[in-house]
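Every chain is numbered from 1 and lettered A, B, ... according to where its sequence line falls, protein lines coming before strand lines.
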Protein chains: 2
Amino acid sequence: MAFHKKEEFSAKEQSLAAFAKAISHPARIAILNVLAKKNECICGEIVDVLPLAQSTVSQHLKELKMAGLIDGTVDGPRSCYCINWKAFEKFNSDFNSLFEKLKEVNAKCC
Amino acid sequence: MAFHKKEEFSAKEQSLAAFAKAISHPARIAILNVLAKKNECICGEIVDVLPLAQSTVSQHLKELKMAGLIDGTVDGPRSCYCINWKAFEKFNSDFNSLFEKLKEVNAKCC
DNA sequence: AAGCCTTATCGTATATTTGCGATATAAGAT
DNA sequence: ATCTTATATCGCAAATATACGATAAGGCTT
């Protein structure tokens, strides 16, 4: 009894879904937003602006990093994170190629 | 002990996260893709193109509908679904307003 | 009315996610 | 060498998500 059949879908579908899963939590959106707004690496400060424990934030950062949405380097006693814009471009491009093109020819019929 | 602190984030963050969660499974991406490609309501046929049981597909459809990504109407013995393009536009707009604008001024530094 | 077809819902098992505190790690400061 | 500070990881508990088969519900067809 297979309980996860994600493998049975196309690579593009899986990759889109994986990106979406990475941003499917408000905390991770908030983290990305902080990184985007600062326009540079953030070393620390992230925990302070979130209503979550340090360990929880660290876990979210790990997930974002593993999903490839952010890059991180260890810098002495701190860690520095910044957004991987290429991943965002890929998501946008994949997302649009699946849905965006049909928007104008599609009429609501339900 | 609150185990979900999603309420503590902004409405925009929550709404973006909710949309992302809805498309965070390959099966739901595949469903949306079928609906987008057909350019009309789909009554049936969806179960046939997915490697999942009928009940599972029905559940995914329910989730997509509850998240507002698709509209559905009961048409006699069948159900008809089509994409709610407005929801997609809102997602794109929210997504871009959070991340897209900073892309060009951002330099990779990690 | 009885049977059929399509879709939704229920019940249930398993897997994953979310969150926290406690602890480990690693570098700089004293 | 020890202490402090910042971050990561571990271990656990609770909540959600995923999937399926079984069953219900709602209209056609005969």
Side-chain angles (χ1 to χ4, degrees), chain A residues 1-9 13-14 17-31 34-35 41-67 69-82 110, chain B residues 1-9 13-14 17-31 34-35 41-67 69-82 110:
Chain A
M1 211 161 301
F3 265 46
H4 272 94
K5 316 190 89 177
K6 291 183 181 170
E7 327 75 47
E8 311 212 9
F9 295 91
E13 284 162 352
Q14 289 187 52
F19 188 102
K21 182 185 275 295
I23 62 169
S24 74
H25 194 288
R28 292 196 286 272
I29 302 240
I31 289 172
V34 171
L35 291 176
C41 277
I42 302 291
C43 310
E45 303 171 51
I46 299 182
V47 173
D48 303 331
V49 299
L50 291 180
L52 297 170
Q54 178 268 325
S55 59
T56 308
V57 173
S58 185
Q59 233 172 263
H60 282 305
L61 284 165
K62 190 182 176 186
E63 279 172 65
L64 287 170
K65 191 174 177 182
M66 286 195 303
L69 305 215
I70 63 177
D71 293 311
T73 51
V74 181
D75 173 28
R78 297 157 181 261
S79 287
C80 287
Y81 290 104
C82 64
C110 286
Chain B
M1 213 157 301
F3 265 52
H4 271 93
K5 316 191 89 178
K6 290 182 182 171
E7 328 76 46
E8 311 213 10
F9 295 91
E13 284 162 352
Q14 290 186 52
F19 189 102
K21 183 185 273 298
I23 63 169
S24 76
H25 193 288
R28 293 196 284 273
I29 302 241
I31 289 172
V34 171
L35 291 176
C41 277
I42 301 292
C43 310
E45 304 172 49
I46 298 183
V47 174
D48 303 331
V49 299
L50 292 181
L52 297 170
Q54 178 269 323
S55 59
T56 307
V57 173
S58 186
Q59 233 172 263
H60 282 305
L61 284 165
K62 190 183 177 186
E63 279 173 65
L64 287 170
K65 191 174 179 184
M66 286 195 302
L69 305 215
I70 63 177
D71 292 311
T73 51
V74 180
D75 174 29
R78 296 156 182 263
S79 288
C80 286
Y81 289 105
C82 63
C110 287

- [ ] Take the protein atom CZ of B/Arg78 and the nucleotide atom C1' of D/dA25, then report the distance between them rounded to whole Å.
- [x] 16 Å
Open item on the list: Whole angstroms only, please: what is the CG-P distance between B/Leu50 and C/dT7?
Closed with: 13 Å
Task: Spacing of CG belonging to A/Asp71 relative to CG belonging to A/Leu64, to within rounding of 0.5 Å - done: 11.5 Å
Open item on the list: How long is the straight-line distance from OG of A/Ser24 back to NE2 of B/His25, given to the nearest 0.5 Å?
Closed with: 12.0 Å
TODO: State, with a plain yes or no, whether a side-chain heavy atom of B/Gln54 is found less than 4.5 Å away from one of B/Ser58.
DONE: yes
Open item on the list: From CD1 of A/Ile23 over to C1' of C/dT17, roughly how many Å is that when rounded to an integer?
Closed with: 17 Å
Open item on the list: Distance check needed: D/dT7 P versus A/Ile70 CD1, whole Å only.
Closed with: 13 Å
TODO: To the nearest Å, give me how far apart NE2 (B/His25) and P (C/dA15) are.
DONE: 15 Å
Task: Close side-chain approach of A/Leu52 to A/His60, heavy-atom, < 4.5 Å - done: yes
Open item on the list: Less than 4.0 angstrom between a side-chain N/O of A/His60 and OP1 or OP2 of C/dT17, yes or no?
Closed with: no
Task: Under-4.0 Å side-chain N/O to phosphate OP1/OP2 contact, A/Lys21 with D/dA17 - done: no
Which protein N or O atoms sit under 3.5 Å from an N or O of nucleotides 8-12 of chain D?
| unit_1 | atom_1 | unit_2 | atom_2 | d |
| --- | --- | --- | --- | --- |
| D/dA8 | OP1 | A/Ser79 | OG | 3.2 |
| D/dA8 | OP1 | A/Tyr81 | OH | 2.3 |
| D/dA8 | OP2 | A/Ser58 | OG | 3.1 |
| D/dA8 | N7 | A/Gln54 | NE2 | 2.8 |
| D/dA8 | N6 | A/Gln54 | OE1 | 3.0 |

Open item on the list: So, does A/Arg28 get its side chain near the phosphate of C/dT18, meaning an N or O under 4.0 Å from OP1 or OP2?
Closed with: yes
Task: Gap between atoms CD1 and P, on A/Ile46 and D/dA6 respectively (whole Å) - done: 14 Å
Task: Nearest-Å distance for atom pair CE/C1', residues A/Met66 and C/dT18 - done: 14 Å
Open item on the list: Distance check needed: C/dT7 P versus B/Asp48 CG, whole Å only.
Closed with: 9 Å
TODO: State which residues pass side chain to side chain contact (heavy atoms under 4.5 Å, CB included) with B/Ala30; sequence neighbours excluded, sorted by chain then number.
DONE: A/Phe9, A/Glu13, B/Leu50
- [ ] Would you give the length of the straight line joining atom CD of A/Gln14 to atom NZ of A/Lys21, rounded to the nearest 0.5 angstrom?
- [x] 12.0 Å
Open item on the list: Measuring only between side-chain heavy atoms, which start at C-beta, is B/Ile70 closer than 4.5 Å to B/Lys65?
Closed with: yes
